Amino acid sequence: MHNPNPFDFVPFAGHPHLKTPEEFDALGPAVSGYLEVKLRALTPVHIVGYQEPGAKEGYSFLYRQDDRPCLPAASLRGCLRAFLEALTSGWVSQATPEYPKLFHKRHIGFRTFEPLPSDGKRMSRTSPPAVNSEFKPSIRPDNRIDVASYLLGMVIEPEGGQVAHEALARKAKVWIEDAFIDQQHLVKQKYWVPDIKHATQDAFMGGAKASASNWWYLQPAEIWRRNVRTRAGFSILAEFVGEKFWGRKFYFHQDPQRCMQFYHPNSNNWRYSPDRPFYPIQLECLEKEASTETFRIYLDKIPQPLAILLAVCLFPGLNIRHKLGYGKAYGYGSVELSLQSSHLRYDETRPPDLLQDFSAKLRDWMSLAWDQSKLAASEMPVALLDWQALGHLARILGRQEADKLLFTYPPFAKRNFMQPVTFEEMQDNAPAGIRVNGHVKVNAQQGRAFAENLFEIKQPIHFRVYQEKAKGWSQITSRKP
Amino acid sequence: MNAPAYNNRIFAEGVHGVLRVDWRLRCVTPLAIRNGLTIGYDETKINKGRGLGVKFRWREPEESGYEVAILHFGYEIADGSLQTYHYVPASSLRGALRSWTINHLVRPEFRKDMMPPEHDDDPEEKKQKAYLNRMRTALNDPHSGYRPVASLFGLAFETREEARDLAHAGRLRVDTKRFAAAQPRAIAINGKLNDGAAGPANAQRQMTVRNPLDRMTHASKEGGLHHFLEFCAGESFAAQLTILNPRPADLGLLSFWVREMNEGLLRLGALASIGRGRVQITEQSYHLWQRADLTPLQRFESVPDTSTGEVLAGLWCAYRLEAARLPEFESSLREHV
């Protein structure tokens, strides 16, 4: 039985949850001030400052600012925003706009939010958008925005001839400062991530990249018949064409030292070829169980119900923890925030009152994670949350039994990523009632059925099928927020 | 009884007092104040190396090279050559103070749409008339909070007719000095000082990177990687605020500004979202010169003229306020909102 893949997806809801800024403002009394927090490393944390190659291994040094090691605010913000967007069915604030067709590299082009027409030698086809275009950040006539943009700000890149305008930018209400690290908590030459080296090409260690030619990042849509030149001559292969992204990607928690043992050449779990030899990257990390120095998170006139939402996102209850930085696929970057002090006020009086200790109130807010009725009673707008997404986030970012589970990439080997599926094999394993002579469209159930039938030939065809058949999957699905 | 309409003739009795505020502001977090220009830099390609081999060229970027937004600077002729220096423009500090004041002193209904509309957008001047009505309403309401803002920062309008009963110059002037050259002066990248052409040498700067990740793939978003320059934490500069005909409420507002800056709620420059722009006022002094026939503001103590060396010395009486007493004026401000 194989290990589950190190990441999984939080599916998109039907539509983003949006409100106007005025509707958000009106949710409750405005809260301003700052929290003083520390970040504790549940597993070693590394954010790349710079890397240096070596003969047999590389070195990656922790990010520094003013010659002080630090976890930059931009990384902390990005982690918070990705979680918040998934939790509240928000816009996809960061997305590569297009994956163009590239000769010998990407057979099928597609765009994230728009259709992409293409004229091939034999057929014209328009790839549909990989994400519902409603999830693309935009300036709407009704002025509605998602929670993440209201709290964390937004800049919408002008398109075409559009000139950059203040309407395309919105100031953030949450300000996060850098988290500095005491030098004594850094460790070198203890933790590494696996990589591979090639004499002339940029080699890549890890799972497949996003492609419409498989069902790894994109959901099943069609199966094509494709002639491919191989060393043995021409082969007729099945191409599993996907169209919609499975969802927003998050990495599981695991023990990096167990994971590194798996990838080490001595373990014989992972094969490295002579022309792509094993090449570890030594990481300078914030050591496990060590904490950063205290840093601040500011709130600038945030309605109290959304301050509660912010609190449960920063301190997400008993089981969910965030991941940050480099090497997430190998278990690095599991983190936990702890509240050191709070200095807040209700910002309704003119001029404003002094900041006060809100710690008792903060702890009450934190305790609401993730009880829907208690959150509703606190007047946090529970309809803004995608509760199904929370369930998925709990599965992926839950820490239950993280030390016992091992998550590894499918190898580039037979029966795995290297394995082609011939068209004939695909036909022979077609689900009952489906005749495949040429290109065929498949729905979700049919795609799953094909993948299940072909599992003995090639395991990682269909992402969900692969995960569901992995070791420990029942423990993962039993995780609750 | 209706409150009196706003009187824009705030200098009808001339200038009879000058308050000079001297602050030293130290950057607690990095500070990003840009001027809209970019410079080029070269980066030596090292296989799987990141952030090494960067060399700045303090000139416009080349078409095929890298570029980064630079920080605000000025220039002067000194010792027969053109010298450049970094500084925080007064408009930047003034703008931050004004913005905070509007957002915290003015009633919410008067905080938006209080900027003149674009002419192109308003051929029949309907928006312009609506804007004037809003301004008049805000100014005629003594509890809107707008009067202290207008009085200090001034009011400007497009036409003489609009200006007639509303416009006036403000009583506040803001000046800033260049950075104090307190730290090593090259540009730091990932903690290493860079030896390229560093430009103005009176402030340490660092180049910081942002690399947004695609939400579906966690790969670097294509075209998202970008670098920017910022002044390092620890840099400091002096600022001077001058208020004509100062009132107790002005000092109350100064107290709020000091407190909010020190708490980090009133920030300078860009990128507050990633914690930039927090400053601390490490030194502050408050001097008042006032016509001899007038009673000085409460809590100010008389000081000998010769101690100040100022142009008003000998003409008007000089007074000084202990910085620790500044918060005592806050109640005066509350009476005006």
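Side chains included, hydrogens not; waters and symmetry mates left out as well; all remaining heavy atoms used. Quick caveat: nothing in here was measured; it's all calculated off a predicted structure.
- A donor-acceptor pair under 3.5 Å is formed between the side chain of Arg77(A) and the backbone N or O of Leu152(A).
- Heavy-atom distances place both the backbone and the side chain of Glu263(B) under 4.5 Å from chain A.
- Most heavy-atom pairs under 4.5 Å with chain A, from the set Leu271(B), Leu213(B), Leu105(B), Val209(B): that is Leu105(B).
- With a threshold of 4.5 angstrom between heavy atoms, Ala219(B) does not approach chain A through any atom at all.
- Contact check on Arg68(A) versus Glu293(A) returns a salt bridge, with a Lys/Arg side-chain nitrogen under 4.0 Å from an Asp/Glu carboxylate oxygen.
- Ring orientation note: the planes of His104(B) and Trp100(B) are close to parallel, at an angle under 30° on the 30°/60° scale.
- Among the residues in residues 273-281 of chain B, those with a non-hydrogen atom closer than 4.5 angstrom to a non-hydrogen atom of chain A are Ser273(B), Ile274(B), Gly275(B), Arg276(B), Arg278(B).
- For Glu260(B), the part lying under 4.5 angstrom from a heavy atom of chain A is the side chain only.
- Of the two parts of Arg210(B), only the side chain, counted from C-beta on, holds a non-hydrogen atom closer than 4.5 Å to a non-hydrogen atom of chain A.
- A salt bridge is defined here as a Lys NZ or Arg NE, NH1 or NH2 lying under 4.0 Å from an Asp or Glu carboxylate O, and Glu177(A) with Arg267(B) meets this definition.
- Neither the backbone nor the side chain of Phe295(A) has a heavy atom closer than 4.5 Å to any heavy atom of chain B.
- Using a 4.5 Å cut-off between heavy atoms, Thr101(B) makes no contact with chain A at all.
- For chain A, the nearby part of Thr29(B) is the side chain; its heavy atoms alone come within less than 4.5 Å.
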